[in-house]
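Written below as structure tokens is the structure these notes are about.
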There are 2 protein chains.
Amino acid sequence: MIILLNSDTPHYLQIYNHIKSEITTDHLRVNDKLPSIRKLAEFLGISTTPVELAYQLLVSEGFVDSRPRAGYFVQNIPEPYARLEFQQENRQALAPVYPSRDRHVYPYDFHMSKIDRAAFPIKTWRKLYSETLFDEQFELDYGNPQGEAGLRQEIAQYLHQFRGVQCSPEQIVIAGDQSFLIFILSSLLQQDFKELAIENPGYFLIPSLFRRMGYSILPIPLHQEGINVEHLYESGARLVVTTPSHQFPTGTTMSRERRWALLEWADKKNGYIIEDDYDGEFRYYGEPLPSLQGLTPNPNVIYLGGFSQVLAPAISIHYMVLPQNLLEDYHRLRIQLMLEQSASRMQQITLQRFIERGFLAKHVRKMRQLYKEKHDRLLFSIEKYLNKTVTVIGRDAGFHLLVKVNDSRSSEELVALAKDKGVRVANGAFYWSQPLEPPTTIMIGFAGIPLDLIEEGIKALANAWYSSS
Amino acid sequence: MIILLNSDTPHYLQIYNHIKSEITTDHLRVNDKLPSIRKLAEFLGISTTPVELAYQLLVSEGFVDSRPRAGYFVQNIPEPYARLEFQQENRQALAPVYPSRDRHVYPYDFHMSKIDRAAFPIKTWRKLYSETLFDEQFELDYGNPQGEAGLRQEIAQYLHQFRGVQCSPEQIVIAGDQSFLIFILSSLLQQDFKELAIENPGYFLIPSLFRRMGYSILPIPLHQEGINVEHLYESGARLVVTTPSHQFPTGTTMSRERRWALLEWADKKNGYIIEDDYDGEFRYYGEPLPSLQGLTPNPNVIYLGGFSQVLAPAISIHYMVLPQNLLEDYHRLRIQLMLEQSASRMQQITLQRFIERGFLAKHVRKMRQLYKEKHDRLLFSIEKYLNKTVTVIGRDAGFHLLVKVNDSRSSEELVALAKDKGVRVANGAFYWSQPLEPPTTIMIGFAGIPLDLIEEGIKALANAWYSSS
């Protein structure tokens with residue numbers, strides 16, 4: 001067991017992650033003995049504290065067993081260790097620990113949430129930032145806690161144009177990250193709602209925060225055309241989070257009938273739909289799908305968006321669109337908590353100018369073309385090298401393809417094999433919750449990887465999975 | 001009653017704020033009848049909804065009484081409407097609504113949290129931002145959720161040099177705003193703590209968020225030398241938030257003896273001290289006071305700081321320093337909630353370069369000199385124009401003076417009189433909690449106002465308060 005410590009991440013986490021990945025990739029097997037805390041610390045040239053922390057974490061999660069006077073031994077991999085366990089009986093249960101960000105450098109990086117850096121308009125952005133800074137009207141004091149009024153106006157117009165969202169600037173709340181918006185939203189709804197229904201499979205960021213705020217999470221299985229509305233009725237929930245434009249991770253698009261059924265559900269239940277439109281601008285084939293929010297004049301829809309995918313995560317600007325009937329409560333909460341702006345005013349005003357002068361619309365069109373080419377190249381390469389062994393589940397939109405692998409090996413194992421050959425793909429099984437059994441699925445992102453490397457990368461992936469068999 | 005609506009703030013809030021301030025400044029008196037909802041809406045040329053919302057809010061807070069078939073009538077001003085009511089018996093009580101930000105333009109603006117814009121090194125900042133953007137090493141993808149490693153390193157060094165804080169970069173957590181840090185911190189401590197002790201009087205941002213997260217708030221009266229540690233023992237609390245370097249709002253400095261007593265309390269109770277060091281760099285007289293955090297090698301202190309005062313609020317970068325023994329829980333929570341960076345990476349790296357190359361140290365020295373001059377000019381002016389009528393309570397540090405006014409009029413009334421003459425000062429009484437009776441106190445900030453306007457401004461203030469008497 002060789003661990004190379006870097007200074008970027010706490011040592012205990014590096015040790016913990018390393019051992020865990022050794023276990024999940026079968027390099028360490030059941031009943032293998034770990035080195036003693038003292039020995040490993042000596043070997044790494046660090047104090048025993050981080051090693052002890054790492055071992056404790058592994059024990060508490062069931063990866064490792066501590067046997068008195070004998071030492072630490074590898075256990076069976078706890079199932080399902082990498083998924084949230086939505087136990088209704090045990091709401092206080094400690095959520096499992098997710099793997100930390102992988103800092104390994106991959107020649108073929110099919111990461112899901114990277115962007116194409118080369119396409120970012122650095123010069124324009126620099127110019128607009130500079131203008132902002134030197135503008136005598138621009139203030140360096142605390143800004144509007146809800147977000148700069150001018151930026152909210154631009155976002156309202158942009159959303160109308162690109163996503164069919166109907167809202168006024170007053171309805172938009174801006175923050176530096178999505179979690180903070182979710183904190184505000186979950187606080188806002190806390191008096192009237194106790195449960196949040198989610199799509200199963202789905203992304204865990206929003207439910208994790210709602211759960212922390214005391215909500216119960218109700219996973220609702222997906223139908224072919226989106227969330228199963230009948231199940232939603234049965235669940236008793238009045239609040240649901242959904243990704244109608246491009247379901248995460250399956251890539252399904254919600255049909256028109258189902259959209260209307262969902263809106264009707266919210267209306268009947270006097271509840272809300274939280275529409276997470278994380279990649280709504282990026283549909284490459286078929287007719288464009290406007291947001292659910294814009295379908296009815298005053299719907300019970302809370303719309304979530306941001307500029308991470310459309311521009312760059314580094315900008316740190318996210319927003320939500322609240323329905324009119326939540327605005328009073330929002331302002332009450334904002335004032336009560338003495339909230340201040342959470343996204344840099346310099347960045348906000350720069351972004352405002354960027355939208356105002358048409359650069360964002362232009363950028364979206366350009367990126368849509370570029371990502372379409374990458375999407376096509378990826379599909380082509382999968383067909384060429386992995387045709388008989390995988391099935392592409394979702395396509396035609398977004399920044400990744402989900403593939404189902406016809407294999408007796410686990411998703412974890414396939415990810416690890418790919419890593420060995422310098423290919424980063426992600427474990428799709430991660431997003432399934434109980435009671436569903438996660439299929440062997442792999443997420444292949446295409447936004448960040450250069451166009452020219454896609455085919456090579458998929459060839460390397462095929463090689464990693466099938467060369468020795 | 002004339003209300004001019006602007007488009008920057010929701011209409012109902014403008015109406016609400018206007019009527020409330022008319023009541024608190026005695027322009028509307030008990031039993032005065034408000035215009036009907038329909039009439040006011042017609043007069044303003046808007047729909048009835050915002051007017052109705054505003055009236056509802058006023059009724060719910062006790063400013064206005066709704067009498068069936070008769071209309072809406074002004075009530076006695078609810079006491080203490082502008083202070084948090086920390087009722088232990090009624091933890092679910094709705095907190096009162098605080099006044100929204102005042103957008104009035106004042107010739108003499110003694111605002112507490114404005115900075116001197118002219119002194120901000122725009123050119124340097126622009127240059128470093130530009131360097132960051134064009135640096136090929138700089139990534140536009142998601143950054144470290146804890147904050148950029150390089151910036152954390154610079155902050156650790158800076159804090160050591162300027163505040164005597166002892167920490168490694170691993171202990172620092174960076175966010176785009178303070179409330180989000182407080183959300184993380186209160187989540188982190190939720191399992192072990194149910195109560196938060198606070199200084200009375202004190203700033204409400206931190207307790208408001210803790211209360212929202214389910215904590216009970218225990219206000220502890222101040223002793224002359226800082227928080228009363230005996231009361232703290234009696235309260236049963238094991239967690240306290242304090243401002244030892246420069247108590248907010250009184251300006252008291254915690255004595256050495258009391259610092260050690262407080263550290264001993266935390267150690268005995270196995271609890272934590274949250275040290276809010278919002279203006280620790282700015283002490284103009286007396287010996288420099290290092291942070292509480294640095295006093296003992298591994299203290300139970302959580303240190304809070306940021307760059308709003310030291311540089312500019314618009315930058316939106318705040319941080320906390322966690323003790324080693326909270327790091328494991330922090331990483332667990334961070335991973336569980338799938339937190340991402342909340343402060344723009346561009347701003348973070350720009351700030352990192354700014355500190356690295358010594359610009360921050362230089363800026364702090366320059367601002368300390370400039371603010372000292374302003375502080376002195378303010379003291380001088382108060383002595384000259386308000387000598388016999390006010391007592392300066394806190395001085396020699398920070399960005400404001402708190403003055404006690406020997407007057408039978410209320411703080412609200414004095415603030416309103418000042419406003420009429422174009423002078424912005426703030427109500428100090430706002431920061432006192434029950435059971436203490438708030439004294440008639442006024443906060444006079446000096447950081448934002450130009451040096452040359454201070455004397456004139458205080459003269460105008462004296463005039464506003466005493467010219468007609």
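We name chains A, B, ... by the order of the sequence lines, and we start the count at 1 in each one.
No donor-acceptor pair closer than 3.5 Å links the side chain of A:Q178 to the backbone N or O of B:E340. A donor-acceptor pair under 3.5 Å is absent between the side-chain atoms of A:R212 and the main chain of B:L337, judged by distance alone. Looking at B:S208, its side chain does come within 3.5 Å of a backbone N or O of A:Q336 through a donor-acceptor pair. Using modelled atom types, one side-chain atom of B:D141 and one backbone atom of A:I115 make a donor-acceptor pair closer than 3.5 Å. In terms of modelled atom types and a separation under 3.5 Å, the side chain of A:R117 and the main chain of B:F138 share a donor-acceptor contact.
In this structure, CG on B:D177 lies 9.0 Å from CG on A:D177, to the nearest 0.5 angstrom. Expressed to the nearest 0.5 Å, how far CD of B:Q347 lies from CE of A:M346 amounts to 5.5 Å. The line from CZ of B:R334 to OG of A:S179 is 12.0 Å long, rounded to the nearest 0.5 Å. A distance of 9.5 Å separates OG of A:S130 from CD1 of B:I122, quoted to the nearest 0.5 Å.
Residue B:L311 does not touch chain A at all, counting heavy-atom pairs closer than 4.5 Å. Residue B:Q341 touches chain A through both its backbone and its side chain, counting heavy-atom pairs closer than 4.5 Å. Neither the backbone nor the side chain of B:Q153 comes within less than 4.5 Å of any heavy atom of chain A. Residue contact with chain B, scored on non-hydrogen atoms closer than 4.5 Å, involves the backbone and the side chain of A:F180 alike. With a 4.5 Å cut-off on non-hydrogen atoms, B:Y203 touches chain A through its side chain but not through its backbone. With a threshold of 4.5 angstrom between heavy atoms, A:E328 approaches chain B through its backbone and through its side chain. Residue contact with chain B, scored on non-hydrogen atoms closer than 4.5 Å, involves the side chain of A:L333 exclusively.
B:S113 has its side chain within reach of A:Y142: a pair of non-hydrogen atoms, C-beta onward, lies under 4.5 Å apart. Taking 4.5 Å as the limit, every side-chain heavy atom of B:L133 sits out of range of all side-chain heavy atoms of A:Y129.
The candidate from B:S344, B:A343, B:G176 with the greatest count of non-hydrogen atom pairs under 4.5 Å with chain A is B:S344. With respect to chain A, the highest number of heavy-atom pairs below 4.5 Å among B:R345, B:K123, B:R126 belongs to B:R126.
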